[in-house]
K.L.:
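First, the structure itself, so that you have it in front of you.
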Amino acid sequence: MRIGVDIDDTLVDLVTPFTEFHNEAYGTSLRKADFITYATWQIVGGTHEDDLRKFAEFDQTAHAKNMKPMDGACAAIDVLSKVHELCIITARPESFVSETHLWLREHFPEKFKDIYFAQDYKTSAVTRQHKADFVTQLGVHMFIDDNMR
């Protein structure tokens with residue numbers, strides 16, 4: 001079976017380091033449990049543009065560079081990769097392509113056949129395909145993602 005896997009908050013814990021960054025940089029006291037929507041500006045305050053700026057700041061910090069796998073992700077991918085063909089389908093921004101390859105090699109070496117970068121949250125113009133388009137084109141039987149949309 002061919003299985004597609006997302007990265008952020010599926011393989012890697014993104015919310016915890018972003019929360020730590022935001023609390024340090026902006027004096028907030030956010031908790032991971034506060035993040036109940038992908039519209040993070042509704043949680044941290046400000047506008048969507050403020051949110052994009054904060055994530056750009058976060059991307060340059062040690063918090064972003066040292067993100068860890070989600071609990072159980074390495075073991076689960078190890079088991080799945082032994083009997084299934086796995087590929088990554090992620091909406092990570094263009095600025096994170098090389099870091100993404102490095103992070104996957106470090107934490108999930110030789111577990112994924114390919115990596116596909118879909119439309120990301122930072123750009124309003126459609127410059128890449130949507131995740132669902134990749135799923136269809138690649139004949140993915142199952143897609144593991146934290147976002148049902």
Side-chain angles (χ1 to χ4, degrees), residues 1-22 24-25 30 32-44 48-149:
M1 179 184 305
R2 181 172 293 147
I3 301 174
V5 183
D6 178 44
I7 295 177
D8 293 316
D9 292 317
T10 303
L11 293 180
V12 66
D13 180 4
L14 172 65
V15 173
T16 298
F18 179 76
T19 302
E20 292 168 355
F21 155 77
H22 198 278
E24 289 173 14
L30 297 167
K32 184 175 183 174
D34 294 329
F35 287 81
I36 56 171
T37 177
Y38 294 99
T40 55
W41 62 92
Q42 294 174 359
I43 298 162
V44 302
H48 180 62
E49 290 73 24
D50 294 333
D51 193 48
L52 295 176
R53 180 183 46 75
K54 288 177 181 180
F55 268 96
E57 289 174 26
F58 167 73
D59 289 348
Q60 303 306 310
T61 68
H63 293 286
K65 307 275 187 253
N66 298 313
M67 289 191 286
K68 303 293 182 221
M70 296 289 284
D71 289 341
C74 293
I77 293 301
D78 189 49
V79 169
L80 288 173
S81 69
K82 290 179 180 167
V83 286
H84 301 290
E85 179 185 305
L86 306 180
C87 66
I88 293 289
I89 303 172
T90 180
R92 284 186 153 205
E94 192 71 33
S95 60
F96 249 55
V97 169
S98 62
E99 288 90 343
T100 299
H101 284 277
L102 291 170
W103 190 88
L104 287 168
R105 275 196 299 273
E106 178 181 347
H107 298 285
F108 298 94
E110 300 180 24
K111 301 296 181 191
F112 296 97
K113 182 179 180 196
D114 291 302
I115 303 171
Y116 300 93
F117 289 88
Q119 180 68 32
D120 69 69
Y121 67 91
K122 289 186 177 182
T123 56
S124 57
V126 177
T127 56
R128 300 179 183 165
Q129 297 180 85
H130 292 280
K131 288 180 181 180
D133 296 331
F134 279 111
V135 168
T136 301
Q137 289 174 5
L138 298 169
V140 169
H141 301 98
M142 179 186 298
F143 185 54
I144 302 169
D145 198 333
D146 63 310
N147 186 346
M148 291 299 292
R149 291 183 309 128

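No hydrogens, no waters, no symmetry mates; every other heavy atom, side chains included, goes into these values.
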K.L.:
In terms of the angle between their ring planes, are Phe134 and Tyr116 parallel, tilted or perpendicular, with boundaries placed at 30° and 60°?
P.N.:
tilted
K.L.:
Going by the angle between their ring planes, with limits at 30° and 60°, are Phe58 and His63 parallel, tilted or perpendicular?
P.N.:
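Parallel.
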K.L.:
At their closest point, which heavy atom of Leu11 faces which heavy atom of Ala73, and how far apart are they?
P.N.:
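Of all heavy-atom pairs spanning Leu11 and Ala73, the closest is O-CB, 3.9 Å.
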K.L.:
Please determine which of Leu80, Asp114, Ile144 meets the side-chain contact (heavy atoms from CB on, under 4.5 Å) test together with Leu86.
P.N.:
Leu80
K.L.:
Yes or no on side chain to side chain contact (heavy atoms under 4.5 Å, CB included) for Phe108 and Ile88, after CA distance, side-chain angles and deciding distance?
P.N.:
CA-CA 11 Å; Phe108 298 94; Ile88 293 289; over 6 Å; no
K.L.:
With rounding to the nearest 0.5 angstrom, report the NZ to CG distance, Lys32 to Asp13.
P.N.:
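Lys32 atom NZ to Asp13 atom CG measures 3.5 Å (nearest 0.5 Å).
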K.L.:
Do side-chain atoms of Trp103 reach the backbone of Val12 as a donor and acceptor pair under 3.5 angstrom?
P.N.:
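Not a single qualifying donor-acceptor pair exists.
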K.L.:
Atom OG1 of Thr10 and atom CG of Asn147: how far apart are they, to the nearest 0.5 Å?
P.N.:
9.0 Å
K.L.:
Listing request: all salt bridge (Lys or Arg N to Asp or Glu O under 4.0 Å) pairs with a residue in residues 100-111, at least two apart in sequence or in separate chains.
P.N.:
Asp78-Lys111
K.L.:
Any pair with a residue in residues 133-146 that passes salt bridge (Lys or Arg N to Asp or Glu O under 4.0 Å), sequence neighbours left out, goes on the list, sorted by first then second residue, please.
P.N.:
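Output for this query lists Lys131-Asp145.
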K.L.:
Would you say the side-chain atoms of Lys54 pair up with the backbone N or O of Glu49, donor to acceptor, closer than 3.5 Å?
P.N.:
no
K.L.:
Tell me, yes or no, whether the heavy-atom count around Asn66 atom CG, taken from other residues, nucleotides or ligands under 6.0 Å, exceeds 12.
P.N.:
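Yes, because the 6.0 Å sphere around CG of Asn66 holds more than 12 heavy atoms from other groups.
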K.L.:
Would you give the length of the straight line joining atom OG1 of Thr19 to atom CZ of Phe35, rounded to the nearest 0.5 angstrom?
P.N.:
4.0 Å
K.L.:
Check Asp6 against Phe143 and note the closest heavy-atom contact, atom names and distance.
P.N.:
N-CE1, 4.0 Å
K.L.:
Before you tell me yes or no, could you show the steps for Phe96 and Thr90 under side chain to side chain contact (heavy atoms under 4.5 Å, CB included), namely the whole-Å CA-CA distance, both residues' side-chain angles and the distance that decides it to 0.1 Å?
P.N.:
CA-CA 11 Å; Phe96 249 55; Thr90 180; over 6 Å; no
K.L.:
Look only at the side chain of Arg2 and the backbone of Leu138, and say whether a donor-acceptor pair between them is shorter than 3.5 Å.
P.N.:
yes
K.L.:
Minimum heavy-atom separation for Pro69 to His107, with atom names?
P.N.:
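Looking at all heavy atoms of both residues, the closest pair is CG-ND1, 3.5 Å.
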K.L.:
Would you give the length of the straight line joining atom CG of Leu30 to atom OG1 of Thr16, rounded to the nearest 0.5 angstrom?
P.N.:
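One finds 12.0 Å between CG of Leu30 and OG1 of Thr16.
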K.L.:
Could you tell me the separation between the CD1 atom of Ile43 and the OG1 atom of Thr37, rounded to the nearest 0.5 Å?
P.N.:
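One finds 6.0 Å between CD1 of Ile43 and OG1 of Thr37.
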K.L.:
Just say parallel, tilted or perpendicular for the rings of Phe21 and Phe18, cut-offs at 30° and 60°.
P.N.:
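Aromatic pair Phe21/Phe18 classed tilted.
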K.L.:
Check Pro17 against Leu14 and note the closest heavy-atom contact, atom names and distance.
P.N.:
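Closest heavy-atom pair between Pro17 and Leu14: CD-O, 3.2 Å.
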K.L.:
Indicate yes or no: does Asp50 engage Arg53 in a salt bridge with an N to O separation below 4.0 Å.
P.N.:
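The answer is yes: the pair qualifies as a salt bridge.
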K.L.:
Could you tell me the separation between the OG1 atom of Thr61 and the CD atom of Glu20, rounded to the nearest 0.5 Å?
P.N.:
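Here the rounded value is 10.0 Å.
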K.L.:
Grab the two heavy atoms, one from Val140 and one from Cys87, that are nearest each other, plus how far apart they are.
P.N.:
CG2-SG, 4.3 Å
K.L.:
Please name the pair of heavy atoms, one in Gln129 and one in Gln137, separated by the smallest distance, quoted to 0.1 Å.
P.N.:
OE1-NE2, 2.6 Å
